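Take a look at the structure set out below.
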Amino acid sequence: MASDKFRQQLREEVEQWRSQGLISAEQSQQLAERYEFAKLDGVARDRFIVVVLGIGSILLGLGVITFVAANWQAVPRELKLLLLLLLFVGVNVTGFYFWNQPPLPDRQESGRQRLGQGLLLLGALILGANLALSGQLFHISGSSADLCIIWGLAVLGMAYGLRLTSLGALAILLVGIGYWIGVSGSDWNNPPSDTVRWVMHQMPMIAGLLFIPLAYWCRSKWVFGLGAIASLSALLVLLSRFAETFPSSFNFYGIWLVLIFTLPTAILWSYDDRLWQRLFSRFASESPLASEPQLNAETQYFRSIAQGLALLYLMVVIYGLSFHYVWEDNPVLAPRTDQAGGLMTVGWQFLLNPSLLFFVGLMVVQWIYLARPRRSRRWGLRQNDGIMLVFLGAIAILTFWHWTIAPISAIATFLSNALLFLLAVALMRDGLAEGQRRSFWSGLTLVALQILSRLLEYETALLLKSLVFVLCGIGVIVIGLWFERYVRTLRIASED
Amino acid sequence: MRNSLSLRFWIVLTLQVVLILAVPAQAVYTQMNGRSLVLQTAPVDPYSLFQGYSVTLGYDISNSQNLLNLPGWKDIEAKRKPERQLSADDASSKLYVILQAPADAGSRPPKPWKAVAVASSRPHNLPANQIALQGSDRQGRIHYGLETYFIPEDQRDDINQQISQTHNQGQGQSSKPAFVVEAKVGADGNAVPIAIWLRDKRYQF
């Protein structure tokens, strides 16, 4: 149905056409019936009524809220809890009712659905308020980490039930906030309970198992990205805790650092949806994945995000390692036999952490899956994957050597700068080859960042600094413009 | 499809309501079926005294130094040693403090109960005037779940003033400040705070 404004204008126009003789009376009658001109006046009146009702109910609601707030102290405890629960249930049910409306062939339909979604989000927030207040009413000393994580898991349940992306993102955020509060120890006054502490310890795996399937269920890239970030940052926290817990003279400190630097990138780069789909189709024959055949066309649904995140992390790591003060840290290293002995006796219970094993195992499986023989080719990696493997291997060797075998500050700094430059060049080359703006610009930014950081890091004359800045600025402008023109010609050439 | 969506919504909503009700469930049960107990408070770090609407309470049995001389402490120490080596810094260990009722139970403000022993597992067959209270030892401070009490906003300043007055008085004299907390303890040792006594006035919220 056309918009009201259009119909109004059309009605006036039809009048004019008829008076000017452009169309006959019969045709104008047909138009009037088709576009339902008679109903236009009724529509305006209906809308007025709706607005009046809306304002009236808002005022009524405000009145109720104010009344409750005025008498809040006098209300007995159980009644307070009941009122809160009623509010929570009411908001959720209203939100669901609006959101679940069958789609009408009307413009108002999307507005109502959006209202429903907004109300459901509000309901999720009220859930948190309810949890906090019901604890407060009964003087339960709870920790904020507890509250956030339990709240987040409850919202996650609703996100699974309704397949809503916004609720899923909210759930991940809440669990993330709770996790960071718990990990940072800022709530030393009210530390988290034992159950929540166990959940936090196993967070990488729990996050991975809860959030990634939600991303598939909702078909949402945001949920996937947030879930991957949550799960892997929890893994990093776990790894850095291991690195700290070991007495520093007994550890294979280098191993933990190698894992911290390379594991997230390795897992994300080799992520392959097909691997999980095969798993899914064996388990759930009625899941939305199996029932939609067109998914074959988008089987690599989340692979691009995973690879983007992998590259981002790799850039950050190599950039961080290119600073020389990172390599200045010369630890007092115990002899290697002592280190190995320490790891074997004391470290086993840490190495057997299920999250760690799961992710290392996942990485190995995914890389093998990448290298599997395709069609008639032998075992081997594609070129991009091979380059990534070389990068990761180089970082791993450098880190391990410096921190476990012998410190090699100067060589390591030089090599990591070389790696940074190579990465930037690889990104630019990729961008050129496919005409993709993002790779090219990130590569260029990386080179510029590298030059500028080196300049600012080492003591150089101001004149040299200004010269380099000017050259960089000119270089970026020139190369950027040239690239844009190149991309345009590439596109024109491909369209011919 | 639409029906299953509704069904899923209602199921999840019900579970969430159950979750909200589960938070105070144990406290309510303890309050209804527990035995009454009075504890002597100890001054707490004044900076964290009032966080929002709540008072942070500390007790003389919260400090593990005060429990060192009680019978049963050596057993707890002995059991604790092997865990301490490599566990994460935030491990906590459970213990039970056995408190005995004072001689005259009817005074206002009520006299606090005294700790007479500690145990690492829940003691059974206690005499009628003794209760076991469960606590978790976190690096020298023992938490009993009684550390927070919520005060409504309009009375917060008044009570805050009274608390700091009693603490200041207590520091000058040798007798303990007259600030005790009334709690209810269930059969499993879990406790919930009921009311606070400032000198001889009882506040229950």
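All of these numbers come straight from a predicted model, not from anything done at the bench.
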Look only at the side chain of B:Tyr59 and the backbone of B:Leu146, and say whether a donor-acceptor pair between them is shorter than 3.5 Å. yes
Keeping the roles fixed (side chain from A:Tyr160, backbone from A:Leu210), state whether a donor-acceptor pair exists under 3.5 Å. yes
Starting at NE2 of B:His143, measure out to OG of B:Ser62 and round the result to the nearest 0.5 Å. 7.5 Å
Heavy-atom contacts under 4.5 Å, residues 123-130 of chain A to chain B: A:Leu127, A:Asn130
Residues of residues 26-35 of chain B contacting chain A, heavy-atom criterion under 4.5 Å, by residue number: B:Ala27, B:Val28, B:Gln31
What part of B:Ile11 gets closer than 4.5 Å to chain A, counting heavy atoms only: side chain, backbone, both or neither? neither
With no hydrogens and no angle check, is any side-chain donor or acceptor of B:Tyr144 less than 3.5 Å from a backbone partner on B:Ile61? yes
Any donor-acceptor N/O pair, B:Glu147 side chain to B:Gly145 backbone, under 3.5 Å: yes
Given the options B:Ile194, B:Val17, B:Val192, which has more heavy-atom pairs under 4.5 Å with chain A than any of the others? B:Val17
Is there a donor-acceptor pair under 3.5 Å between the side chain of B:Gln16 and the backbone N or O of A:Ala154? yes
Can you list, pair by pair, the side-chain donor-acceptor contacts under 3.5 Å of residues 164-171 of chain A, counting residues two or more places apart and other chains?
none

Measuring only between side-chain heavy atoms, which start at C-beta, is A:Ser355 closer than 4.5 Å to A:Met203? no
Side-chain contact test, heavy atoms from C-beta onward, threshold under 4.5 Å: evaluate it for B:Thr148 versus A:Ile140 and give yes or no. no
Rounded to the nearest 0.5 Å, what's the gap from OG on B:Ser136 to CD1 on B:Ile142? Could you check? 8.5 Å
Residues of residues 76-85 of chain A with a heavy atom under 4.5 Å from any heavy atom of chain B, in residue-number order, are A:Arg77, A:Leu81, A:Leu85
Counting only non-hydrogen atoms closer than 4.5 Å, does A:Val155 touch chain B with its backbone (N, CA, C, O), its side chain (CB onward), both, or neither? backbone
One should read off an interatomic distance between A:Met158 CE and B:Leu15 CG, to the nearest 0.5 angstrom, of 9.5 Å
With the side chain counted from C-beta on, respond yes when A:Leu120 and B:Phe9 share a heavy-atom pair under 4.5 Å apart, and no when they do not. yes
Is it true that a side-chain atom of A:His139 and a backbone atom of B:Phe150 form a donor plus acceptor pair closer than 3.5 Å? yes
Would you mind checking which part of A:Trp151 comes under 4.5 Å of any heavy atom in chain B, side chain (CB onward), backbone (N, CA, C, O), both or neither? neither
Distance-only, no hydrogens or angles: does the A:Gln113 side chain make a donor-acceptor pair with backbone N or O of A:Trp99 under 3.5 Å? yes
First locate atom NZ of B:Lys184, then atom CD1 of B:Ile131, and finally report the distance between them rounded to the nearest 0.5 Å. 10.5 Å
